[in-house]
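See below for the structure under consideration.
In what follows, every chain begins at residue 1, and chains take the letters A, B, ... in the order their sequences are listed. This is a predicted model, so every value here is computed, not measured.
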Amino acid sequence: MSVGVQRLRDEPDRIRQGAIDKREDPALVDQAIEVDARRRRLQAESDALKAERNAASKQVGDAVRGGAAASGPEVAALKARSTAAGARIAEIDAELATTEQQLEDLLLRIPNPPDPEVPVGGEEANVTVLTWGENASRVVTEADGTTWERRPHWEIGEALDIIDNPRGAKIAGSGFPVYKGAGSRLQRSLISWFLDVHTTEHGFTEVWPPAVVNTASARGTGQIPDKEDQMYIVTRDELYLVPTAEVPVTNLHREEILEADQLPIRYCAYTPCFRREAGAAGKDTRGILRVHQFDKVEMVLFERPEASEAALEWMTGRAEILLQRLGLPYRKLLMSTGEMGFVQRKKYDLEVWAPAVERWLEVSSCSNFGDYQARRMQIRYRPEKGARPELVHTLNGSGLALPRVVAAILEQYQRPDGSVTVPAALRPYLATDRLGPAAGA
RNA sequence: GGAGCGGUGGCCGAGUGGUUGAUGGCAGCGGUCUUGAAAACCGCCGGGCGAAAGCCUCGUGAGUUCGAAUCUCACCCGCUCCGCCA
């Protein structure tokens with residue numbers, strides 16, 4: 001129930017190649033085709049027997065109403081026919097059920113084939129589509145020839161008393177930072193500004209969803225079973241803390257049939273994001289680059305199939321605009337088949353330059369899922385009035401994730417004295433043009 | 001947490017064992033009429049599998065029966081009242 005049996009029959013080669021390029025097992029494709037054929041054979045057999053049983057049952061009713069004795073031999077014979085068919089049906093349906101389960105299991109393990117434009121390979125195959133802005137250097141040379149060195153964001157955060165990791169660790173655990181004073185206000189400002197730009201300039205509808213979802217929703221976006229290890233689970237109430245707003249917002253239209261004139265639907269939503277980061281122990285332990293709880297504004301699109309390709313470019317552009325207006329140099333990467341996830345068809349990552357740690361930091365990931373997610377969630381639309389429903393295409397992208405944007409700001413806008421200039425776009429929100437001890441943090 | 005009521009097609013809403021996949025209304029689509037529109041009238045009008053015949057689907061799952069939307073059991077969800085909390 002992910003790649004679609006119809007497509008499996010229509011273009012097995014493309015799906016097989018897609019699996020190879022994504023470094024998954026192409027043999028599953030052939031197994032699935034085989035199981036599908038068996039499933040259809042059993043289905044036909046079951047249907048024929050059911051037709052037989054239904055006919056016999058109907059005759060029982062007709063005979064009794066026609067005056068035959070309910071306990072007479074004529075009725076008894078009909079009943080026997082129906083019962084016999086019923087017994088066979090039970091056997092075949094049992095086999096059918098296991099076959100269907102097998103097929104579903106196989107389909108769930110076949111990845112969404114990448115878009116033809118996606119470069120084949122691993123990390124080395126990622127294509128830098130563009131770079132924007134001039135990367136600042138760690139060592140700054142002033143006009144008078146003096147030099148100073150940028151300090152990493154965690155030092156600045158501590159020095160300005162706006163990020164408190166140790167106390168976060170005390171009250172919740174490591175990876176749960178506390179933002180304080182101007183740091184807290186910076187969070188609010190970024191969230192508000194992102195949402196304001198998306199809603200007032202880009203036509204998104206703002207959504208404020210729950211920060212937990214139920215099992216069905218977690219399954220809908222593929223969080224379970226695929227990424228279950230990454231999620232915090234409230235077992236007592238069978239709830240999952242959202243790892244991204246994508247999960248609740250995409251599920252908004254789960255199992256719905258939309259009208260064509262509703263599309264495209266464009267949502268933006270802020271939520272805190274909770275991630276266990278299992279298996280990432282030891283990576284990026286300093287600062288706020290990799291944490292268990294962070295804040296993010298997400299864009300979620302529901303599009304007509306023919307529009308999704310252009311929509312990915314458009315949506316990625318909306319995220320880029322935010323970085324440009326913050327004045328943060330960044331690069332845009334077209335991710336290779338090996339780097340992109342199981343369910344994506346095409347994915348761009350946006351990375352900002354953090355000049356003190358001299359690293360590119362991923363702040364946005366924008367993907368087109370084609371109909372893959374929609375199939376799993378049964379999100380459909382009617383191309384024309386009265387036409388049969390078809391699956392929509394879904395897309396989503398960060399616009400943007402906060403911690404690394406904050407880190408980049410603290411490094412990029414740093415001054416020799418350790419204070420930080422507020423990017424012009426945020427000044428109306430922060431009500432100051434400088435973060436520093438003197439700014440009343 | 002306790003008590004009660006309820007979950008039927010895009011929506012409202014009939015239907016308590018036998019041509020009911022489901023009466024009726026609204027919405028929608030096509031047509032007649034009209035300069036055009038409205039009104040009126042006629043027709044169409046849930047979804048899935050399947051090449052088709054046909055099969056499945058009335059919250060979900062199991063059961064009773066020759067046969068279930070209709071009966072039984074379990075579960076899920078919603079609403080109302082009480083309690084609790086803000």
Numerically ordered, the residues 91-100 of chain A set in heavy-atom contact under 4.0 Å with RNA chain B is none
Side chain to side chain donor-acceptor pair (under 3.5 Å) test vs S217(A) passes for just one of T221(A), N214(A), T215(A), namely N214(A)
**Prompt:** Do other residues, nucleotides or ligands put more than 12 heavy atoms under 6.0 Å from E123(A) CD?
**Reply:** no
From CD1 of I379(A) across to P of G47(B) the rounded distance in Å is 18 Å
State whether W193(A) and R188(A) meet the cation-pi test: NZ (Lys) or CZ (Arg) under 6.0 Å from the six-membered ring centroid, and within 45° of the perpendicular axis. no
Pairs under 3.5 angstrom, nitrogen or oxygen only, protein versus nucleotides 52-55 of chain B, please.
from   : atom 1 : to     : atom 2 : distance (Å)
G54(B) : N2     : D47(A) : OD2    : 2.9
C55(B) : OP1    : N54(A) : ND2    : 3.3
C55(B) : O2'    : D47(A) : OD1    : 2.9

By ring-ring contact (aromatic ring centres under 6.0 Å, His included), Y270(A) pairs with (sequence neighbours left out) W208(A)
Those residues at least two apart in sequence (or on a different chain) that pass salt bridge (Lys or Arg N to Asp or Glu O under 4.0 Å) with R41(A) are none
Atom CZ of R7(A) and atom C1' of C49(B) are separated, to the nearest Å, by 20 Å
When rounded to whole Å, the CD to P distance for the pair E259(A) and C11(B) reads 12 Å
Contact check, residues 80-88 of chain A vs RNA chain B, heavy-atom distance under 4.0 Å, returns S82(A), T83(A)
Applied to residues 42-53 of chain A, the salt bridge (charged side-chain N to carboxylate O under 4.0 Å, His left out) test, sequence neighbours excluded, yields E45(A)-R88(A), K50(A)-D93(A), E52(A)-R81(A)
So the salt bridge (charged side-chain N to carboxylate O under 4.0 Å, His left out) pairs with at least one residue in residues 198-224 of chain A (sequence neighbours excluded) are E201(A)-R325(A)
Q. Any chance the side chains of Q102(A) and R38(A) put a donor and an acceptor closer than 3.5 Å?
A. yes
Donor-acceptor pairs are to be reported for all side-chain atoms of residues 227-238 of chain A against protein atoms at under 3.5 Å, with residues two or more places apart or in another chain.
from    : atom 1 : to      : atom 2 : distance (Å)
Q230(A) : OE1    : E277(A) : N      : 2.9
Q230(A) : NE2    : A278(A) : O      : 3.3
Y232(A) : OH     : H292(A) : ND1    : 3.3

Intra- and inter-strand pairing of RNA chain B, written as dot-bracket with Watson-Crick and G-U pairs under 3.5 Å and | for the latter, reads ((((((((.[[[..)..(.....]]].(((((.......))))).((((....)))).[[[[[..)....]]]]])))))))....
Scoring nucleotides 57-64 of chain B by protein non-hydrogen atoms under 4.0 Å (B base, S sugar-phosphate only, - none) yields --------
Hits for salt bridge (Lys or Arg N to Asp or Glu O under 4.0 Å) against D295(A), two or more places apart or cross-chain, chain-then-number order -> none
Discussion item. What contact category does R39(A) fall into here, base, sugar-phosphate, or nothing, at under 4.0 angstrom with non-hydrogen atoms?
Written reply: sugar-phosphate
Side-chain atoms of S57(A) come closest, of G50(B), G18(B), G47(B), to G18(B)
Those residues at least two apart in sequence (or on a different chain) that pass ring-ring contact (aromatic ring centres under 6.0 Å, His included) with W154(A) are none
